[in-house]
Protein chains: 2
Amino acid sequence: MTARSTDTKQEIIRIGKSLIRMYGYNAFSYADISKELNIKNAAVHYHFRGKEDLLAGILDNYMEEYQQLGKHLQASSLTALQKLEKFIERYSTLAECNCICIIGSVASDYNTLPESVKEKTTQLIGLAVSMIEKILLEGKRKGELHFEESARTRTLLLLTNLAAGVQLARISGKKDYDAIRKAAISQLK
Amino acid sequence: MTARSTDTKQEIIRIGKSLIRMYGYNAFSYADISKELNIKNAAVHYHFRGKEDLLAGILDNYMEEYQQLGKHLQASSLTALQKLEKFIERYSTLAECNCICIIGSVASDYNTLPESVKEKTTQLIGLAVSMIEKILLEGKRKGELHFEESARTRTLLLLTNLAAGVQLARISGKKDYDAIRKAAISQLK
DNA sequence: GTCTATATTCCGATAGAC
DNA sequence: GTCTATCGGAATATAGAC
């Protein structure tokens, strides 16, 4: 495989990841990607046979990203609260650029996604949930974080606050997102 | 205006409301609506000049619905907790049928919505937020509900739990939604 | 192996029939 | 006033050029 090919394929994934968070799976086209790369839209079909395959590639890439983030946080010397804040930072970045998270994006479009990728969305969410769950459990064990519910339920509460928080931020403003973020963290202290 | 016309227009709105919660604004077509009504897709253009106008009609309809619900709850003799549960019931119904709420739907597609309707989405969310806010304030005043944050922040926390909760329910299952719903209510008691 | 020219399908929309 | 036949364009996808 030549360097050019690898680059193009990676570039397509990179742009696709951005588009799916900005507009959603159904609202971006191969043309959006090919324009940015100055190639013809059909060239994208060489790297990804169909949009369905591109989506699978995007989701695989996100899963690698989450796994690396998980390992990175695990290996770090950060406190549980700091680890949590590192994760939450990602959402604040999304709110800044009017993007929503990949989880909210695929969940909102779920009923229109090709069957072949639905299982991947389940896996992706599983990764995110278990990553946060571990951090919460560690925080509780060390006395840094406090909550009554199960770690999984707490994770779901936090994740839904963040996922819908960045969605709302587009419409009612970043101030609301910030209020949500601060309150969600402060609930755990 | 004949009875037929009124019926058709109302039917289009009814079906459109269902489609936007099921698939999102970009993923449903006039054909989806016309098929269900056994008319040609172009007939929908008579009642709503363009998809943009249909969306405006759908959002107006939701605003009326929220306003009526607000008045209804206000006039009722229910406790604040019962009023809150009435509102939350709507989300449980959505989770049952793999639908997401109108707020999450337009928020997820926001960057692709026609400019002419963006203001309506702000108004719609404003209605929902202020409805819940009033209930929370009443509950706190009467000692039925308890929370530290401002009523608005608490409203945002609850609304994001519910909105993303029904989104997640599509993928990770209704059990997770139920855990979220129960925990969200129990936080307020 | 990589990309382009082209086909096919579907969508939203207009013009005109009844 | 209500709806249908049809258009123009965009999106995905295939076949084939380099």
Side-chain angles (χ1 to χ4, degrees), chain A residues 1-59 105-106 108-109 111-118, chain B residues 1-20 22-59 105-106 109 111-118:
Chain A
M1 194 180 271
T2 70
R4 177 65 183 285
S5 154
T6 304
D7 288 355
T8 304
K9 188 158 189 169
Q10 283 310 112
E11 283 292 279
I12 291 170
I13 295 252
R14 182 184 61 79
I15 296 167
K17 285 174 70 176
S18 171
L19 289 169
I20 200 170
R21 287 183 309 212
M22 193 70 181
Y23 305 116
Y25 178 70
N26 291 301
F28 80 84
S29 72
Y30 271 29
D32 294 325
I33 295 172
S34 60
K35 270 177 209 157
E36 190 160 337
L37 290 175
N38 276 100
I39 55 179
K40 298 295 169 184
N41 63 12
V44 182
H45 281 279
Y46 167 68
H47 299 281
F48 297 95
R49 172 177 262 276
K51 202 177 175 184
E52 177 171 351
D53 305 275
L54 172 56
L55 178 57
I58 290 173
L59 293 176
S105 181
V106 295
S108 294
D109 288 342
N111 290 345
T112 69
L113 297 185
E115 287 301 322
S116 63
V117 302
K118 287 189 172 180
Chain B
M1 193 180 270
T2 70
R4 176 67 181 287
S5 154
T6 305
D7 288 355
T8 304
K9 187 158 189 167
Q10 284 309 113
E11 283 292 279
I12 291 170
I13 294 252
R14 182 185 60 77
I15 296 167
K17 285 174 71 174
S18 171
L19 288 169
I20 201 170
M22 193 72 180
Y23 305 115
Y25 178 69
N26 292 302
F28 80 84
S29 72
Y30 272 29
D32 294 324
I33 295 172
S34 60
K35 270 176 209 158
E36 189 161 337
L37 290 176
N38 275 102
I39 55 179
K40 298 295 168 183
N41 63 11
V44 182
H45 282 279
Y46 167 69
H47 299 282
F48 296 95
R49 170 178 262 276
K51 201 176 175 184
E52 179 171 349
D53 305 274
L54 172 56
L55 178 56
I58 290 172
L59 293 176
S105 180
V106 295
D109 288 342
N111 290 344
T112 69
L113 296 186
E115 288 300 322
S116 63
V117 302
K118 288 189 173 180

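Source: prediction; values computed, not measured. Lettering of chains follows the sequences in order, A, B, ..., and the numbering in each one begins at 1.
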Which is true for B/F48 with a 4.0 Å heavy-atom rule: it touches a base, it touches only sugar-phosphate, or it touches nothing? nothing

How long is the line joining OH of A/Y30 and P of C/dC10, in whole Å? 18 Å

Just do the side-chain contact (heavy atoms from CB on, under 4.5 Å) check on A/V44 and A/L37 with the steps written out, would you? CA-CA 10 Å; A/V44 182; A/L37 290 175; 5.8 Å; no

Worked check of side-chain contact (heavy atoms from CB on, under 4.5 Å) between A/Y46 and A/T8: CA-CA 10 Å; A/Y46 167 68; A/T8 304; over 6 Å; no

Using whole Å, report how far CG of A/N26 lies from C1' of D/dA11. 12 Å

Without decimals, in angstroms, what is the distance between A/K40 NZ and C/dA5 P? 6 Å

Determine: side-chain N/O of A/K51 to OP1/OP2 of D/dT12, distance under 4.0 Å, yes or no. yes

B/I33 has an atom CD1; how far is it from atom P of C/dA13, in whole Å? 12 Å

For atom NE2 of B/H45 and atom C1' of D/dC3, their distance in whole Å: 12 Å

Is there side-chain contact between B/V106 and B/Y25, with at least one heavy-atom pair below 4.5 Å? no

Here's a test of your reading of the structure: between A/E52 and B/N38, which maps to the more 5' nucleotide of DNA chain D? B/N38

Side chains of A/I15 and A/F28: closer than 4.5 Å at any heavy-atom pair? no

Closest nucleotide among C/dC11, D/dA11, C/dA13 to the B/N41 side chain: C/dA13

Side-chain N or O of A/H47 less than 4.0 angstrom from OP1 or OP2 on C/dG1? no

Round to a whole Å and report the spacing from CD1 of B/I39 to C1' of D/dG1. 14 Å

To the nearest Å, give me how far apart OH (A/Y46) and C1' (D/dA17) are. 15 Å

How close or far is atom P of C/dC10 from atom CG of B/D32, stated in whole angstroms? 12 Å

